[in-house]
Amino acid sequence: MSEAALILIKPDGLKKSLTGNILTRLSETKLEIVGSKMVRVPRSLAEEHYKHLKDKPFFNEIVQYLQGELHDRKKVMALVYWGEDAIKKCRDLAGATNPEEADPTSIRGSYGRITTSGVYENAVHVSSNPSEAEREIKLWFSPDELIVDLYPKKEVVEKEFKRKLWA
Ligand code: IDP
Ligand code: MG
């Protein structure tokens, strides 16, 4: 069944110039990229993204990690991959959460590390199941930023809506 997965190239992946390597590995899936952008991550977005881990002792560290506070790279690359079994295909290529336990040929096994303070720096995020993918994609992307209709959407007319145009 076709499904979507949110991929984030995390700040360590960007700092280590791994964007090309990671996208090349993900291209092995033959999935379609239906959205992509660079994002500066406010704390509120990082906290919402990792809200299922709110009670973990490492919550604050992974929120800072996703914001780029540990890497002097305050951005992530967000992508939506779409196609047959997208989540499993992308997670298999990403490898296990703990980069020390990940298959050495996987993305996380190749490029991840555990910092001395104990954060699993594992270069990529991949949605873990279809409902998490939907929650995450709606959090990171607006409907107009995706080239396919993944989820039901509505049109609204906003009055006095302020946005930037090229001068
Ligand atoms: P996932 O990214 O493989 O889906 P999650 O359990 O959702 O794994 O954890 C989110 C992120 O939090 C991981 O990718 C990793 O960066 C970090 N993390 C998870 N578990 C630990 C841990 O036990 N110690 C340190 N960091 C962790
Ligand atoms: Mg997860």
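Keep in mind that the numbers below use all heavy atoms, side chains included, and drop hydrogens, waters and symmetry copies. Start at 1 and go down the list; that is how both ligands and their atoms are numbered.
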Legend entry - Set of side chain to side chain donor-acceptor pair (under 3.5 Å) partners for Lys74, sequence neighbours left out: none
Legend entry - Cation-aromatic face contact Lys10/Tyr65, 6.0 Å, 45 degrees: no
Legend entry - Over-ring placement of Lys37 relative to Phe141, 6.0 Å and 45° cut-offs: yes
Inset, instruction - Mind checking side chain to side chain donor-acceptor pair (under 3.5 Å) for Glu47 and listing every partner two or more places apart, or none if nothing turns up? - result: Arg43
Legend entry - Set of side-chain contact (heavy atoms from CB on, under 4.5 Å) partners for Glu158, sequence neighbours left out: Val156, Phe161
Pairs under 3.5 Å, N/O atoms on ligand 1 and on the protein: can you put them in a table with the distances?
residue	atom	partner	partner atom	Å
ligand 1	2 (O)	Arg108	NH2	3.0
ligand 1	3 (O)	Arg91	NH2	3.2
ligand 1	3 (O)	Thr97	OG1	2.5
ligand 1	3 (O)	Arg108	NH1	3.0
ligand 1	4 (O)	Arg91	NH1	3.2
ligand 1	4 (O)	Arg91	NH2	3.3
ligand 1	7 (O)	His52	NE2	3.2
ligand 1	8 (O)	Thr97	OG1	3.4
ligand 1	14 (O)	Lys10	NZ	3.0
ligand 1	14 (O)	Asn122	ND2	2.9
ligand 1	16 (O)	Lys10	NZ	3.2
ligand 1	16 (O)	Tyr120	O	2.8
ligand 1	26 (N)	Tyr120	N	3.3

Inset, instruction - Indicate yes or no: at least one non-hydrogen side-chain atom of Leu26 is less than 4.5 angstrom from one of Leu31. - result: no
